[in-house]
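Pasting a structure below so you can have a look.
Values below: every heavy atom of this structure, side chains too, minus hydrogens, waters and symmetry copies.
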Amino acid sequence: MALPLLIEHLREYHQWRMRIANAVDQIAKLSVDLEILPSGTMLRMQNLSREIAGDQLRISFFGEFARGKSELINALFFSDLGARLMPSGPGQTTMCPVEITYGLAPPSLQLLPIRSRTLNDSIEKLKKNSGLWTFSPLNPDDLNDCAKLMGQLTETLCVSVQEARSYGLCPQIKELGSNIATTHCASCGEGMVKISRWRYALLQWPHPVLEAGLVILDTPGLNSLGSEADLGLEAARSADALIFVLSADTGVTQSDLAIWEQSLGRHALQNQLVVLNKVDTLWDDLRDPGQESAVVQSQREKTAGQLGLNVDQVIAVSAQKGLLGRIRHDDQLSARSGLKELEEAIAETLIPGRCKSILDSAQRLIKRVVIDQRVLLEEQIKNLGGEIESMERLQAQTGEQLPRLLERQQKLLRSFAGDRDSFGLFVRSSG
C-alpha cells in the first residue's frame, strides 16, 4: 500500500535533513583533525548539525474565529481515526493554542491553566514545570473517551473584567466612568467576562504523520472572546510554515486583511499557504461543473491579489466534506473537497520552504567557516614569511662571520694543544 503523500514527503525531508546534518558534522570533524578553525567556530558547526538532525516541521493553522481550523486539521491528518480528534462544530471552539506532537507512552493531553499568565514566563519555560500542567492520559482505542477529554479544550471560565485584565486579556472592555461596560457574555452577568480556562495545550498522539516529523499548532480564533491573541500570534510566527484559514464565501475580510498586513504578511511568504475553507458554500448544483470551478477560481485569484501571493498558494477546500468523504470512503466527495490539492501544496510548497531555510543557515555558517579558514591561513603564511626572512638574514650574517670564527677556533685549538703539552711536561717533571 502506497504511503500517504504527506508522510512520504515528510520522510524524504527527514532523510534530507540527516544528509545535511552529517555533511556539516563531517566538516566540523575535519576542522578538528586539521586544527584549522577556532574552537568557537567548530562548536557552532556541531550545534548546527544537532539542530538540523533534530529539526521538525512546525505548521501553524491560524485565522479568525469559526473559520474551521480544527476541522481542517481533523480532515488533513486524522481522518483515518474514523472520528474527530480535535473538537469541532457548534459549541466546540478550541479556546487555546494546541501543540500536537508525536507520542507513544502514553498519548496524553496536558493543559496549562490560564492563571499561569501571572507568572510572566514563556511557554517554553513553563513546559519544563510539569507541576503547573493538568495531565490526562488518552486511550487511542477509546475515541469516545478521548473526545470527552479533548472537550476540555473548549472550556471557559466566567471571571471579572479586572481578573481577565490581570491575565492580559479582554483589552476591548472599556470602563464608562465608575461603571464597567456590559460584557459580551450574558450568562456571566454584569461586569463579568468569559475567558478560556486554559492558556496552552500539549497533545501527544501516535500517528505516522507526526512520527515523520510534523508538529501541528492549532490556534484559537483571534477574535474569540477572552482568547490570548498574542499567544496565538506568537505560535503562528514561531512556526516554520503557516496556513492562514479564511472563509471561501466571504474571502478576505477587513479583519483578515488587518491580521495579514500587521502580523503575518511580514514573514517569509514562501512558507505560507492560504486556505479558503468551507468552499462547499460556493457549490451550486444548478450550475454546471465548469461554472462552479470558475467561481472558485475567481475567489482564489482575488484572494491571492489582496494578500500579494501567487494563486498557487491559495487553496479552496471543504474540511467538513473532506473529512466526511474520507471517513465514508466516498472518493467523489473527497476529491471535490480539495483536500488532496492542499496536501500537495503542503508537500510541494511548505516543505521545500523549510528546506531552503535550513540550507540558508548551513550555507551562512559554512561561508563563515571559509572566511575564518582564509584569515587563519593568511596569518600563518604571513608568519612563515617573517620566519623565512629571519632565517635568510641569519644565514647572510653567518656567511660573513664564518671565516673569522673558524680562524678564531683554530687559534683556540692551537693554544689548547700548547697548553696541553706544557701541562704534560710539568706533570712528568713533577713526578
- Under the side-chain hydrogen bond (donor to acceptor under 3.5 Å, both in side chains) test, which residues partner R364, sequence neighbours left out?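 side-chain hydrogen bond (donor to acceptor under 3.5 Å, both in side chains) check on R364 returns S361.
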- Message: Less than 4.5 Å apart, side chain to side chain, heavy atoms only: is that true for W205 and P107?
- Response: yes
- Message: For L359, give me all partners under side-chain contact (heavy atoms from CB on, under 4.5 Å), at least two apart in sequence or on another chain.
- Response: W16, I20, Q363
- Query: How far apart are the C-alpha atoms of L217 and R58, what are their side-chain angles, what is the distance that settles it, and do they pass the side-chain contact (heavy atoms from CB on, under 4.5 Å) test?
  - Reply: CA-CA 7 Å; L217 297 170; R58 297 171 63 87; 3.7 Å; yes
- Message: Tell me the closest heavy-atom pair linking F244 and G63, and the distance in Å.
- Response: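 Scanning both residues, the minimum pair turns out to be CE1-CA, 3.9 Å.
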- Query: Tell me, which pairs form a salt bridge (charged side-chain N to carboxylate O under 4.0 Å, His left out) where one or both residues lie in residues 144-157, sequence neighbours left out?
  - Reply: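 Non-adjacent pairs meeting salt bridge (charged side-chain N to carboxylate O under 4.0 Å, His left out): E155-R197.
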- Message: Can you tell me how far apart CD1 (I195) and OG (S160) are? Round to the nearest 0.5 Å.
- Response: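 Going from the CD1 atom of I195 to the OG atom of S160 covers 9.0 Å.
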- Message: Applying side-chain hydrogen bond (donor to acceptor under 3.5 Å, both in side chains), can you list everything that pairs with E124, at least two apart in sequence or on another chain?
- Response: K127
- Task: Answer yes or no: is there an ion pair linking R115 with E163, defined by an N-O contact shorter than 4.0 Å?
- Result: yes
- Exercise: identify the closest heavy-atom pair between L333 and D330: N-OD1, 3.1 Å
- Item | Minimum heavy-atom distance between S70 and D218, given as atom pair plus value |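 Closest approach of S70 to D218, heavy atoms only: OG-OD2, 2.6 Å.
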- Could you give me the CA-CA distance, side-chain angles and deciding distance for Q56 and Y102, then say whether side-chain contact (heavy atoms from CB on, under 4.5 Å) is met? CA-CA 11 Å; Q56 294 175 308; Y102 180 69; 5.9 Å; no
- Query: Sequence neighbours excluded, which residues qualify as side-chain contact (heavy atoms from CB on, under 4.5 Å) partners of S293?
  - Reply: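 Not a single residue meets the side-chain contact (heavy atoms from CB on, under 4.5 Å) criterion with S293.
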- Task: Please report the closest heavy-atom contact between A75 and L339, naming both atoms and the distance.
- Result: CB-CD1, 3.7 Å
- For the residue pair N47 and R50, confirm or rule out a side-chain donor-acceptor distance under 3.5 Å. yes
- Got a sec, which pairs hit salt bridge (charged side-chain N to carboxylate O under 4.0 Å, His left out) with one end in residues 75-88, sequence neighbours left out?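 As it turns out, the salt bridge (charged side-chain N to carboxylate O under 4.0 Å, His left out) pairs with a partner in residues 75-88, which skip direct neighbours, are E71-R84.
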- Partner residues of K125 under the salt bridge (Lys or Arg N to Asp or Glu O under 4.0 Å) criterion, sequence neighbours left out: D121
- Item | Residues that R328 engages under side-chain hydrogen bond (donor to acceptor under 3.5 Å, both in side chains), provided they are two or more places apart |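 For R328, no residue satisfies side-chain hydrogen bond (donor to acceptor under 3.5 Å, both in side chains) once neighbours in sequence are set aside.
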- Query: Mind checking whether T154 and T93 have side chains closer than 4.5 Å, heavy atoms only?
  - Reply: no
- Message: Does Q291 have more than 12 heavy atoms from other residues, nucleotides or ligands lying within 6.0 Å of its CD?
- Response: yes
- Message: How long is the straight-line distance from CZ of F78 back to NE2 of H207, given to the nearest 0.5 Å?
- Response: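 It comes to 6.0 Å.
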- Apply side-chain contact (heavy atoms from CB on, under 4.5 Å) to L112 and L202, showing your working. CA-CA 9 Å; L112 182 66; L202 300 173; over 6 Å; no
- Note on the structure: T219 and F61 have their tightest heavy-atom pair at OG1-O, 2.7 Å
Per-pair distances, 0.1 Å, donor-acceptor, side chain in residues 303-311, under 3.5 Å, sequence neighbours excluded:
unit_1: T303; atom_1: OG1; unit_2: Q299; atom_2: O; d: 2.8

- Query: Are the side chain of S337 and the backbone N or O of S334 linked by a donor-acceptor pair below 3.5 Å?
  - Reply: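 Confirmed, S337 side chain pairs with S334 backbone.
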- Message: For D256, give me all partners under side-chain hydrogen bond (donor to acceptor under 3.5 Å, both in side chains), at least two apart in sequence or on another chain.
- Response: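 Per chain and number, D256 pairs via side-chain hydrogen bond (donor to acceptor under 3.5 Å, both in side chains) with R67, T253.
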- Task: Enumerate the residue pairs fulfilling salt bridge (charged side-chain N to carboxylate O under 4.0 Å, His left out) with a member in residues 293-306, sequence neighbours excluded, ordered by first and then second residue.
- Result: none
- Query: Which pair of heavy atoms, one from I243 and one from I346, lies closest together, and at what distance?
  - Reply: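 Reported closest heavy-atom pair: CD1-CD1, 3.9 Å.
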- Query: Taking only residues two or more places apart in sequence or in another chain, which ones pass side-chain contact (heavy atoms from CB on, under 4.5 Å) with E344?
  - Reply: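 Once residues adjacent in sequence are excluded, the partners of E344 under the side-chain contact (heavy atoms from CB on, under 4.5 Å) criterion are L5, K340, E348.
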- Give, for atom CD1 of I216 and atom CZ of F77, the distance between the pair rounded to the nearest 0.5 Å. 4.5 Å
